[in-house]
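Contents: one structure, followed by commentary.
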Amino acid sequence: MKKKALITGITGQDGSYLAEYLLGIGYEVHGLVRRVALEDPQRRFTRIAHLLGQLTLHPASLESYPSIFHVMSQHHFDECYHLAAQSFVAESFRDGFSTMNTNINGTHYMLAALRELQRTCRFYFAGSSEMFGKVRESPQNETTPFHPRSPYGISKVAGFDLTRNYREAYNMFCVSGILFNHEGPRRGYEFVTRKITSTVAQIKFGRANELRLGNLDAKRDWGHAKDYVRAMHLMLQRDAPDDYVIATGETHTVRQFCELAFSEVGLNYEEYVRIDEYYLRPAEVDLLIGDSTKARRELPWQPEYTFRELVSEMVKADLASQSSRGLPSPEIFSQANRP
Ligand code: G4F
């Protein structure tokens, strides 16, 4: 019998890589998508276009408990990966209310519907290193206290607590992955890595002449999303539910990412990068570096991509997309639109 998985956020970077991975190992894969997305597949399904014939998509909204309940009442799932969220930290400062509503209530609705209808379904919650925020120790592991610095980080701590509470109160298999930053060619253009690599490609093709950024000194532990979705799956295969930090154990500044990305095309970042205060955050997470010893030992998991390979793959993909003028165009996130 094929195992059946449900993915929320299947149209995003992680959802698309996870769907690909699960299909590859013989799963039947279902996804929750907003009705507006179903009505506009050309634009909304770019990351999963190549998989559409193999997926079952259900219209539902994280803001609507009845819509989630309806899907859960029609199908039985072995595993549920809850990845959908408002995941852009900067946006969460602009509209903390909708970030909280979607991220906290959405997680609660998923857990409540599973408890009501299918308690044996294993549940994965996409926790985040943003929960560590103003870090109390380095590197950060599963016992490091949380100190979130944004509405997004706060919403993820709430989701983490909800997930643990369902595990403890109702004896359900509910786990959180505390994933550090993970990127790739499918990353959204609003996140700093993709903003850098897509602008590098535009500059190389003469379609832009500068890159405006905020804090160049922030340090992040950047891995490849393809590596990280394998960890999500492994967490749900354990005998007992538990939470895991997933990270490379290396940290780099935004400046170093720029240096490497520009050097991929033979350019010096200092000639193109300008500081724009608009991109500074009211409260910053200065340093993230994860200790994934527990995941490496127990899952067991380890990343395959190096930092250099990640940057190189992203730059090459953006050069290819510029050269074919493929869609979606990075120009929609031109400086005028300020992502
Ligand atoms: O790429 P970012 O927007 O990612 P951030 O805030 O670290 O969050 C990402 O990783 C989390 C895991 O730790 C996820 F939970 C979350 O959903 C998301 O995927 O920013 C990275 C750093 C920040 O310090 C930011 O201040 O880059 C700095 N930065 C400097 N200039 C900028 C910019 N970030 C963005 N997005 N745009 C800039 O122009």
Side-chain angles (χ1 to χ4, degrees), residues 9 12-15 17 82-94 99 102-103 107 125-135 139-140 144 146-160 176-184 186-200 208 210-225 228 231-232 245-248 251-258 261 269 272-290 292 310-311 314 330 333-335 337-339:
Q13 170 189 253
D14 294 3
Y17 281 129
H82 177 42
L83 313 183
Q86 193 303 95
S87 63
F88 187 30
V89 175
E91 174 59 22
S92 80
F93 284 109
R94 288 176 212 133
T99 300
T102 307
N103 294 5
T107 304
F125 171 67
S128 162
S129 52
E130 279 290 305
M131 300 190 299
F132 296 122
K134 190 170 180 184
V135 299
Q140 298 84 48
T144 304
F146 296 143
H147 184 144
R149 296 268 280 171
S150 63
Y152 169 81
I154 294 166
S155 76
K156 285 290 173 179
V157 172
F160 177 92
S176 292
I178 306 175
L179 270 52
F180 282 61
N181 297 52
H182 44 287
E183 321 289 314
R186 297 185 193 168
R187 190 59 149 145
Y189 292 102
E190 67 273 38
F191 298 98
V192 79
T193 55
R194 189 72 194 282
K195 182 173 170 183
I196 296 168
T197 61
S198 63
T199 310
V200 162
E210 64 173 15
L211 168 59
R212 302 188 84 85
L213 294 173
N215 181 7
L216 296 188
D217 297 317
K219 290 183 170 166
R220 290 291 183 275
D221 180 331
W222 278 297
H224 197 298
Y228 287 41
M232 297 174 187
V245 159
I246 302 298
T248 70
T251 194
H252 299 271
T253 58
V254 173
R255 187 187 306 281
Q256 286 168 330
F257 194 105
C258 288
Y269 82 97
Y272 300 94
V273 172
R274 307 279 173 266
I275 303 300
D276 184 335
E277 289 195 353
Y278 175 84
Y279 296 108
L280 298 176
R281 295 176 181 177
E284 176 65 285
V285 171
D286 296 318
L287 162 70
L288 290 174
I289 177 164
S292 56
L310 168 71
V311 177
M314 290 180 72
F333 289 113
S334 69
Q335 303 306 334
N337 290 328
R338 296 193 143 181

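Order of listing sets the numbers, starting from 1, for every ligand and every atom in it.
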Select one of side chain, backbone, both or neither to describe which atoms of [X] lie under 4.0 Å from any atom of ligand 1, heavy atoms only.
{"X": "Tyr279", "answer": "side chain"}
{"X": "Val254", "answer": "side chain"}
{"X": "His182", "answer": "neither"}
{"X": "Glu190", "answer": "backbone"}
{"X": "Arg187", "answer": "side chain"}

If hydrogens are left out, which of Gly153, Gly12, Ser129, Cys258 has an atom nearest to atom 12 (C) of ligand 1, that is, the closest non-hydrogen atom?
Ser129

Hey, does [X] come in under 3.5 Å of ligand 1, counting only N/O atoms on both sides?
{"X": "Arg220", "value": "yes"}
{"X": "Asn181", "value": "yes"}
{"X": "Gly214", "value": "yes"}
{"X": "Val192", "value": "yes"}
{"X": "Trp222", "value": "no"}

Between Phe146 and Phe132, what is the ring plane arrangement, given parallel below 30°, perpendicular above 60°, and tilted in between?
tilted

Taking only heavy atoms of [X] into account, list the atoms of ligand 1 that are under 4.0 Å away from them.
{"X": "Val89", "value": "6 (O), 8 (O)"}
{"X": "Phe88", "value": "3 (O), 36 (N)"}
{"X": "Lys195", "value": "38 (C), 39 (O)"}
{"X": "Ser87", "value": "16 (C), 17 (O), 18 (C)"}
{"X": "Glu284", "value": "23 (C), 24 (O), 25 (C), 26 (O)"}
{"X": "Tyr152", "value": "14 (C), 15 (F), 16 (C), 17 (O)"}
{"X": "Ser128", "value": "11 (C), 12 (C), 13 (O), 14 (C), 15 (F)"}
{"X": "Ala218", "value": "24 (O)"}

Looking only at heavy atoms, the pair that brings Ser292 and Ile246 closest together is CB-CA, 4.2 Å

Taking every non-hydrogen atom, the tightest pair across Arg194 and Gly184
CD-O, 4.4 Å

Are the side chain of [X] and the backbone of [Y] linked by a donor-acceptor contact shorter than 3.5 Å?
{"X": "Ser128", "Y": "Glu130", "result": "yes"}
{"X": "Thr193", "Y": "Glu183", "result": "no"}
{"X": "Asp276", "Y": "Gly214", "result": "no"}

Could you check whether any side-chain heavy atom of Arg281 comes within less than 4.5 Å of a side-chain heavy atom of Asn215, counting everything from C-beta outward?
no

Cationic tip of Arg187 within the cone over Phe191's six-membered ring, i.e. under 6.0 Å and within 45° of the normal?
yes

Does the structure place the NZ or CZ of Arg186 under 6.0 Å from the centre of the six-membered ring of Tyr17, at an angle of no more than 45° from the ring's axis?
yes

Between Met314 and Ile196, is a side-chain contact (heavy atoms from CB on, under 4.5 Å) present by the stated rule, with each step listed?
CA-CA 9 Å; Met314 290 180 72; Ile196 296 168; over 6 Å; no

Does the pair Thr251 and Leu287 meet the rule for a side-chain contact (heavy atoms from CB on, under 4.5 Å), with working shown?
CA-CA 8 Å; Thr251 194; Leu287 162 70; 4.1 Å; yes

Can a donor-acceptor pair be found between the side chains of Thr248 and Asp221 at a distance below 3.5 Å?
yes

